[in-house]
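As the structure is a computational prediction, the values presented were derived from the model and not from experiment. Excluded from the calculations below are hydrogen atoms, water molecules and symmetry mates; all remaining heavy atoms, backbone and side chain alike, are included. Lettering of chains follows the sequences in order, A, B, ..., and the numbering in each one begins at 1.
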Amino acid sequence: MSTPTASAPFGARRRLSAFFYRHRWLKLLALLIPPLSWIVVVYLAALVVLLATAFWQQDELSGQIIHTFTWDNVRTVKDDPTLHAVTRQTVQMAVLVTITDILLAFPLAYYMARVASRGVRALLFVGVLMPLWSSYLIKAYTWRLMTGDAGTINWALAKIGLGPLHIAFTTTAMWLAFTYIWLPYMVLPIYAALERIPGSLIEASSDLGGRSWRTLRSVIMPLALPGIAAGSIFTFSLTLGDYIMVDLVGGNKTDFLGSVIFRYQGIANDLPLAAAIALVPVIVITIYLLLVRQLGAFEAL
Amino acid sequence: MPQPPDSTTPAAVTLRGVRKSYGDVDAVAGVDLEVAHGEFFSLLGPSGSGKTTTLRMIAGFELPTEGTVLLDGRDVSKLAPYQRDVNTVFQDYALFPHMSVGENVAYGLMVKRVKKQERRERVAEALRMLRLYAFDNRRPSQLSGGQRQRVALARALVNRPRVLLLDEPLGALDLKLREEMQIELKTIQREVGITFIFVTHDQDEALTMSDRIAVFNVGRIEQVGTPAEIYEHPASVFIAGFVGTSNVLSGEAAAAITGSPDRFTVRPEKIRIAAPDAEVGAGDCSAEGTVRDVVYLGTTTRYIVALEAGVDLVVVQQNLTTSSMEALAAKGRRVKLVWDRQYNRSLDGEPSRDNQEVTA
């Protein structure tokens, strides 16, 4: 077929290729080792160490962590009424932000997925994604300025003869800022879910006598639920863990789980207690996921 | 039994001058049609001929640009699908994936607030009729294509619509299942006595199942008639070619056979193959040529014969006594083709149909 000089390297390559074809698990392993080790070492192992810290002690004088097991930190978290209040406030905010984002994102995503022309859809996509292109800190500072007594919101309200609102450094300001900042994470999964619904299902519902509201409730909503669930996991958990908005927009007047963890870890340097508090959002999210599963949101996946 | 349309009772479905345009393009360019009660009526045509758009205008998914749609004499042209007493079986079945088979079938009754007891009975009856009783609690994703097809039928029929619209419902099934479903559909239609309007691009399917057929081409109906009328008296060259295979002859080739250059058509199965020196009867036509190709099809053989006038004629023969060896050996042989003159169908007087006329 060809000269020996040309066929030698080609032959070696072909043998290697055939070897991997016969031992496909080896090929799979070779391909998966880099991403798998990244996930296992950088994500999971770090998380496990963090959570394990919650059960370790700290030398009071040196601040050194002593690797002996204790329930003390967890007990402190469990019994501290202040932390209970903080948890309640944080979860309330996360729920409020999630509901607001669902109400804002669903009609927008529906319009993008099923009504808008291609050009309008592209424009809206850019509109939804653009806030993600800029820095989180800039957006946080911007909301701090906007919600101020002399901020953009009051300026705009004055133009239409309303206001002024005194929302600077309040939970209302935080609610607005969180709702704004996590909205794209709600729009995109709902859009993906709605876009996947075949048009014939909506026609079939209408054909069988279903008016718009019935079709929305019985056909579109159940099929969009996985998207809503996915989006709400983002908005809920991102709000639950945030501490920057709490500081910049909320003025640290209200304590949230994130800001408390930050304080114990960064200022008080009590890493074991911070880790124990960090267990709270993990547990809350686990309960939330179980609830969402109970609603059947993952069945249509 | 289908009743012939008369002046006292309005037809099940009437279309008057129905047109549907998308921008400059007419998907349906003026259609008039009457479908009688209890009729199995097919809309037959190639893709893009306007048959599906016509069906969607009867269902209410599309509103006509012009013209009226009447159901039982009532003008529904501007009504929404949920205001029309028709149901549709979709090409992709459109079963709700998050509901069980039973819930899918019950959907229409639930929406119309039919009482629970009656709802349960009617759903059970529909499931029984379509042999789906055992699948009540399954999800559509757990069913085969043929079973999904039957669920879609049950979901539509359970509402007892005046008219059932079927949009190429058998297209996704394999040949064997399709043939079974054709018979089953026909049986069901006879049983429930509902008017069926059936969209298909498959001429065999239309001929097998229909009481009457409307043949669509570029947004218009070219002919309405019984399967026999459509097949034996095609009204245009298009129909002669689209419904079954046809030999269309004109000009010199036609003159060599009939003595007149007028266009005519003859079905391949009407032509006999004879020896070149065979006698030709008084009422017969004949043409001499060479067998250019032989296609053995099991029960029949298709011969393509090149005539001296320069055109090909297709001849189909039953393999009654011929073996495949004999059939295939005919290639290259000189033959005389003979057929009864009465099978010639004149196509003249047919208005020429081109796209310009349609979009005008």
Quick check: are there more than 12 heavy atoms from other residues, nucleotides or ligands sitting under 6.0 Å from OH of B/Tyr133? no
Tabulate, in ascending numerical order, the residues of residues 116-124 of chain A having at least one heavy atom closer than 4.5 Å to a heavy atom of chain B, or enter 'none'. none
Which bit of B/Phe96 is near chain A, if near means a heavy-atom gap under 4.5 Å: side chain, backbone, both or neither? both
Does CH2 in A/Trp133 sit with more than 12 non-hydrogen atoms of other residues, nucleotides or ligands closer than 6.0 Å? yes
Below 4.5 Å from any heavy atom of chain A, which atoms of B/Asn87 appear? Answer side chain, backbone, both or neither. both
Taking side chain as everything from C-beta outward and backbone as N, CA, C, O, which of these in B/Arg56 sits under 4.5 Å from a heavy atom of chain A? Side chain, backbone, both or neither. side chain
Would you mind reporting whether A/Leu208 and B/Asn159 have side-chain heavy atoms less than 4.5 Å apart? yes
Would you find more than 12 non-hydrogen atoms of other residues, nucleotides or ligands less than 6.0 Å from B/Tyr22 atom OH? yes
With rounding to the nearest 0.5 Å, note down the distance linking CZ in B/Phe90 to CG in A/Asp207. 5.0 Å
Looking only at heavy atoms, the pair that brings B/His98 and A/Leu223 closest together is ND1-CD2, 3.5 Å
Could you check whether atom NZ of B/Lys78 has more than 12 heavy atoms from other residues, nucleotides or ligands sitting under 6.0 Å from it? no
Crowding at CZ, A/Arg214 (>12 non-hydrogen neighbours, <6.0 Å): yes
Around atom CZ of B/Arg19, are there more than 12 heavy atoms from other residues, nucleotides or ligands closer than 6.0 Å? yes
Residues, nucleotides or ligands: over 12 heavy atoms within 6.0 Å of A/Tyr185 OH: no
Which heavy atom of B/Pro97 sits nearest a heavy atom of A/Leu201, and at what distance? CD-CD1, 3.6 Å
Smallest separation among heavy atoms of A/Ser205 and B/Tyr107, with atom names: OG-OH, 2.7 Å
B/Phe61 to A/Glu203 - nearest heavy-atom pair and separation: CE2-O, 3.5 Å
Can you tell me which portion of B/Leu165 sits under 4.5 Å from chain A's heavy atoms? Options are side chain, backbone, both or neither. neither
With A/Ser200, which of B/Asp167, B/Thr88, B/Asp92 fulfils side-chain contact (heavy atoms from CB on, under 4.5 Å)? B/Asp92
Heavy-atom pairs under 4.5 Å with chain B, option from A/Ser218, A/Gly210, A/Ser206, A/Gly199 with the top count: A/Ser206
